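A short worksheet on the structure shown next.
Treat the numbers as computed from the prediction; the structure is a model and nothing was measured. Residue numbering restarts at 1 for every chain, and letters A, B, ... go by the order of the sequence lines.
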Amino acid sequence: MNGDKILTVDRLTMRFGGIVAVQDLSFDAERKKITALIGPNGAGKTTVFNCITGFYKPSAGAIRLAHDDGRVIALERLNDFRIAKQAKVARTFQNIRLFPGMTALENLMVAQHNALMRASGFTLLGLVGAPGYRDAEKRAIDLATDWLRRVNLLDRADDAAGNFAYGDQRRLEIARAMCTEPALLCLDEPAAGLNARESAALSELLLSIRNELGTSILLIEHDMSVVMEISDHIVVMDHGVKIAEGTPREVRDDPKVIAAYLGADEEEAVAVMESGT
Amino acid sequence: MDYFAQQLINGLVLGSIYGLIAIGYTMVYGIVGMINFAHGDIFMIGGFIALITFLILISLGLTAIPVILLVVLLVSMAITALYGWTIERIAYRPLRHSFRLAPMLSAIGMSFVLTNYSQVAQGARVKPIPPFITGGYTLHESPDGFVIQLSNIQIMVVITTIVLLVIFNWLVSRTRLGRDMRACEQDQTMAALLGVDVDRTISMTFVIGAALAAVAGLMYLLYYGLVDFFMGFVAGIKAFTAAVLGGIGSLPGAMLGGLAIGLIETFWSAYFSVEYKDVAAFSILIVVLIFMPTGLLGRPEVEKV
């Protein structure tokens, strides 16, 4: 891990009353790489995501995001829309949170709010159709169209997102997050509920995001076939602390990881881990 | 038949005014889930600002009616929008994450504040203005002497309403602001994560609602030739009823509900008794809500996962 780090989580601790959800957690995510955060249920993975994306204010510790241009942003100090606007971090949730009443295209257009906002200068200019704003709107539609094509939903651009099949909604959500043009994409269980074929398509999509666009990805995932196939680096958590990290191969062979995953039942744990190979 | 046609015209004009106010209720409900009880008083403020602007322009010696109307329209929209923005900022935003009833109580309080402030500042008497827009058309004259009149002011109210609705519909369905508003309506957290400034979007909702109410205030002033500090109460309740009748949260529903309330009220007054027109309007509301709990165009509440 001597590469270029985009995200540095430094001794992060999150307490809720007397319960310590995350304790003294440190890890890095490399730029243009896929980092996976795994661990059994209740390990504190989503809590880490919530700290990164401004939902929780960490009890202690720092989360730093280093942009390409050298700016370093203290994520623990930002919240709300500033996470997307200033830090350029996008995230998805375990459950699907598209805007169900809006079309697929509109969902992707909302994600380009900030680009359009810059172009319109301020709201009223945009409303009277200033030329700069029109161009920006056109570019926004082009980008949205491009993403719809990437996730194979172009022919359904004008359908309400709520009517899409589950797997399509998952892909549309990733497309929407990418339309914010993030530096770091955080995905919370993107493969949850997908069948094997859809999981494979998801892996392909995430790899293309990394390879073609160079976007850094941080993901939480239980589907080991996805994790093992696409991750460059894996961080394993259990009971709020980091118990291991390394490449997929290193992690898979780590006895601590196997033990954490299925308690003492090592045989079953091995089975889970090997499903990824 | 002639009498009916005349009442239809009158009802549509009244309904247009209710509809413009109702949009403000339904928009705010859609995006923050509260009933802005001060919205009727915003309408009243709009009427007063229009009146004051009229008097100022006339005392400056302006005589060109179209110019006066345009200036009055813009000034009352701008200042009333400022009222709407301010009320949201000081009375609702601090309570947004408080318990559910808090913003509603604050809204009721705000309504009293605006009513009493206008009473103190402008006096309790009804303020009349001379008729600005006179004349009209006789559409039909029946043998027994009944005349269907369509006055210029009625034409103006309806045309203004239609124009505003077209602009407003374009705003909500085609522009960035409209998309942001709909996104915030469906999932504020997610909208924020995509970079939408939710507070700002909510402010804009109040601003637009107040501007539409100001137009309604101006139309009321021109149509009835008077304003008073208490007019926001009844008009506000009626418009709120219209919004609920149309399906709260639905924009076409608000306009449809406004027209329905205006027509019911007018026809009841024409064929039955004027004294019971409000009873009729609200009775029909109750009947509709019993059989269509989500209103005419409302969607059933979808449980958020």
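Both the backbone and the side chain of A:R176 come within less than 4.5 Å of a heavy atom of chain B. Heavy-atom distances place no part of A:P182 under 4.5 Å from chain B, backbone and side chain included. When heavy atoms are compared at a cutoff of 4.5 Å, B:T201 does not approach chain A at all. The parts of A:T53 that come within reach of chain B are both its backbone and its side chain, each placing non-hydrogen atoms under 4.5 angstrom from that chain.
Taking the side chain as every heavy atom from C-beta outward, A:E212 and A:R150 approach each other to under 4.5 Å.
Of the N and O atoms on the side chains of A:T46 and A:Q94, at least one donor lies less than 3.5 Å from an acceptor on the other residue. Judged purely by distance below 3.5 Å, without hydrogens or angles, the side chains of A:S199 and A:D223 pair a donor atom with an acceptor atom. Side-chain polar atoms of B:Y92 and B:R96 form no donor-acceptor pair below 3.5 angstrom.
Among A:A90, A:A177, A:P100, the residue making the largest number of heavy-atom pairs under 4.5 Å with chain B is A:P100. The choice from A:V110, A:L98, A:N107 that makes the most heavy-atom pairs within less than 4.5 Å of chain B is A:V110.
Aromatic pair A:F55/A:F49: ring centres not closer than 6.0 Å.
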